[in-house]
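What follows is a set of notes on a single structure, which appears directly below.
The shown structure was predicted, so the numbers you read here are calculated from the model rather than taken from an experiment. Chain naming here is simple, since letters A, B, ... match the order of the sequence lines and numbering starts at 1 in each.
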2 protein chains.
Amino acid sequence: MPLTHRVPDLGALELLLAVARHGSLGRAARELGITQPAASSRVRSMERQLGVALVDRSPRGSRLTEAGSLVTDWARRIVEAAEAFDAGAQALRGRRDSRLRVAASMTIAEYLLPGWLITLRAQRPDTAVSLIAGNSSAVADRLLAGEADLGFVEGLAVPDGLDGTVIGHDRLFVVAAPGHAWARRRRAPVTPEELARTPLVLRERGSGTRQVLDSALSRYGGLSAPLMELASTTAVKAAAVSGAGPAVLSELAVTEELSSRRLTRVPVEGVALERDLRAVWPHAQRPVGPARDLLGLTRG
Amino acid sequence: MPLTHRVPDLGALELLLAVARHGSLGRAARELGITQPAASSRVRSMERQLGVALVDRSPRGSRLTEAGSLVTDWARRIVEAAEAFDAGAQALRGRRDSRLRVAASMTIAEYLLPGWLITLRAQRPDTAVSLIAGNSSAVADRLLAGEADLGFVEGLAVPDGLDGTVIGHDRLFVVAAPGHAWARRRRAPVTPEELARTPLVLRERGSGTRQVLDSALSRYGGLSAPLMELASTTAVKAAAVSGAGPAVLSELAVTEELSSRRLTRVPVEGVALERDLRAVWPHAQRPVGPARDLLGLTRG
DNA sequence: TTCGCTCATAAGACCAGCTTATGAGGCGAT
DNA sequence: ATCGCCTCATAAGCTGGTCTTATGAGCGAA
């Protein structure tokens, strides 16, 4: 169970990626600011821990073995997730002295913002960003109080006093475990009526996804009593994966499960389960400077 | 640059997730097999490191702060990637005594297999799996030599001597940075002729994706000289993200970049850039036992 | 009051990873 | 040939972080 003892720590994984890039333990060590013996011993203990040779050493450098490059690919995913964590955490700590103060809804802060911040850091390394996360009205409050320069919200309308622009759409997907009957409905989409009368695994009443679902299905008799009502997106996902029943979740929350086939998207016809993602700012104060840079990234 | 000093280690992140689940430092500690003071001090040093309060402590338990639950969500991504790493690495180490010996092509081993192994472990905890990765003919060799029970390959045909079943499709996506002109072609798909005459960022000659692209475009005058020819999928992705030009990559390799909008999918009409993903086994030896369990997971 | 839960603090043990110093192997230029 | 430069490996010693055990303090219910 304790993952820590079977997975090398982040430093070791970074080192492995550096070895892959440079083809040399010594140069990898230099990149990470450690000595060559440290790198050598660290790679060796990683190999001992995993029970697999990762690197072919020669007097002219080091290349990854077959197993090594597979391990490196898996390691890259961990390191990328760690980079997103770092970008987010750094913004969360950043305070008043930041050049760009962002207020964002939870969904956007969780799934999209870290990626934007990584890109922004690559393009403008000197832009210090601070982040406050909250619901739509909290975001509006921060902007109107002058405590944030740029906001991001999801939902159907722009909050009062703000201007905004749509930067994308958060589609809600109906998903089911691959074994579920609905997973085989590729050619025969589920109808809105069918969706409305089927008990689903859902977030608790009041959540954003639930609101969208409620209003989209109101003309079809409304949502039926949920199969399960859970407190977090994670819990809903876990229930759906384990086959409890169909669930409705943000596209952003399920991309990984879909591409690894732990969940299947169920096609639904004739109903738009979608909400806008918007960048917002105080009325008549178009973003300039760093805020404009970030805004540019979010639309491409 | 050294990520390690700004991101808590995996043990700390696991602890944070456990605290979120249990609402108590002590119970989280027990789950991870450490003492309560160890957990207390570890969470505290994580808060110091990040510069953010993560949990609200009270005599009746601990709950995450707002920032804490955002951090926990980001942490979950890291831990999930680590679980995939662990599942894969464990299979890579496993040897002859394994109950299920899998041979898989690189793409499948990299992107899909870890997820399957996690699911398999949840359903049949006692199935020890071993993994050998290689190209299609290496997979065939292992199966025919009786050194593997089940194989996975991508490509256009089933290798000689094997039976198989299609378990899915790997679509090749044309992708470009959001700023690229092709990123705005949503309503006016790129034509095959246009794709054929445009210099692209590609893997080197001989790679699987390149073969598919070559054969799909052969009737349209064939692929033009590449804009860049790079040695790894990662390098191609990086070039595309930085705006070097359009690239063609497996759907599996770009889902994350697409959902975070670092890349945009370019619609292409009239040409099927797709290859089958197949499970394969020696002629007339339908998978049974653990191999059959795994096969079931891959199709749903 | 006492029990049971919560978390915090303190003191000491242990170990992983670092550094410096050194050696050995291969290749190419002088 | 041999010197110089690159590669990686090994050994000895320091250090710091994380663990443990032992203890205390706060809050609520029986």
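- Residue contacts shown for A/Asp9 are limited to sugar-phosphate atoms, with no base heavy atom under 4.0 Å away.
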In sequence, state the C-alpha distance, the side-chain angles, and the governing distance for A/Arg210 and A/Glu229, and then conclude on salt bridge (charged side-chain N to carboxylate O under 4.0 Å, His left out). CA-CA 11 Å; A/Arg210 181 105 175 234; A/Glu229 228 172 352; 2.9 Å; yes
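- Residue A/Ser24 has a polar side-chain atom (N or O) positioned under 4.0 Å from OP1 or OP2 of D/dC8.
- Residue A/Thr35 places at least one side-chain N or O closer than 4.0 Å to OP1 or OP2 of C/dT19.
- Checking C/dA21, D/dC8, C/dC27 against the side-chain heavy atoms of A/Ser62 singles out D/dC8 as nearest.
- Phosphate proximity of D/dT7 to A/Arg60: absent, as no side-chain N or O sits under 4.0 Å from OP1 or OP2.
- Picking from D/dC19, C/dT9, D/dG28 the nucleotide with the shortest atom distance to the side chain of B/Ile34 gives D/dC19.
- Atom CG in A/Leu15 sits about 11 Å away from atom P in D/dC8, given to the nearest Å.
- As rounded to whole Å, 12 Å separates atom P of C/dC15 from atom NE2 of A/His5.
- In this structure, B/Arg30 atom CZ and C/dC7 atom C1' are separated by 13 Å, rounded to whole Å.
- Look at CD on A/Gln49: it is 12 Å from C1' on C/dA16, rounded to the nearest Å.
- Among all heavy-atom pairs drawn from A/Leu10 and A/Ala82, the shortest one is CD2-CB, 3.9 Å.
- Note on A/Arg262 versus B/Glu80: no salt bridge recorded, every NZ/NE/NH1/NH2 to OD/OE distance being 4.0 Å or above.
- In this structure, CZ of A/Arg48 is placed 11 Å from P of D/dT10, rounded to the nearest angstrom.
- Atom CZ in A/Arg44 sits about 7 Å away from atom C1' in D/dA9, given to the nearest Å.
- Listed nucleotides C/dC7, D/dT18, D/dA9 differ in distance to B/Arg42; the shortest reach to its side chain belongs to D/dT18.
- Distances from the side chain of B/Gln36 to the nucleotides D/dC19, C/dT6, C/dC7 place C/dC7 closest.
- Checked for salt-bridge contact, B/Arg77 and A/Glu256 miss the test: no charged N lies under 4.0 Å from a carboxylate O.
- Taking only side-chain atoms of A/Leu25, from C-beta outward, the nucleotide of D/dC27, C/dA8, D/dC8 with the closest atom is D/dC8.
- One atom, CG of B/Leu32, and another, P of D/dT18, lie 14 Å apart when rounded to the nearest Å.
- Using cut-offs of 30° and 60° for the angle between ring planes, the A/Trp74 and B/Phe85 rings count as perpendicular.
- Here the C1' atom of nucleotide C/dT6 and the CG atom of B/Asp56 are 14 Å apart, to the nearest Å.
- Here the side chain of B/Pro59 is nearest to one of D/dG26, C/dG17, C/dT20, namely D/dG26.
- Within 4.0 Å of A/Ser41, counting heavy atoms only, lies no atom of the nucleic acid at all.
- Annotation for A/Ala235 and A/Leu230: closest pair O-CD1, 3.5 Å, computed over non-hydrogen atoms.
- Among C/dA21, D/dT7, C/dT9, the nucleotide with an atom closest to any side-chain atom of B/Ser40 is C/dT9.
- Taking the side chain of B/Arg57 as heavy atoms from C-beta on, and the options D/dA9, C/dA8, D/dG28, the nearest nucleotide is C/dA8.
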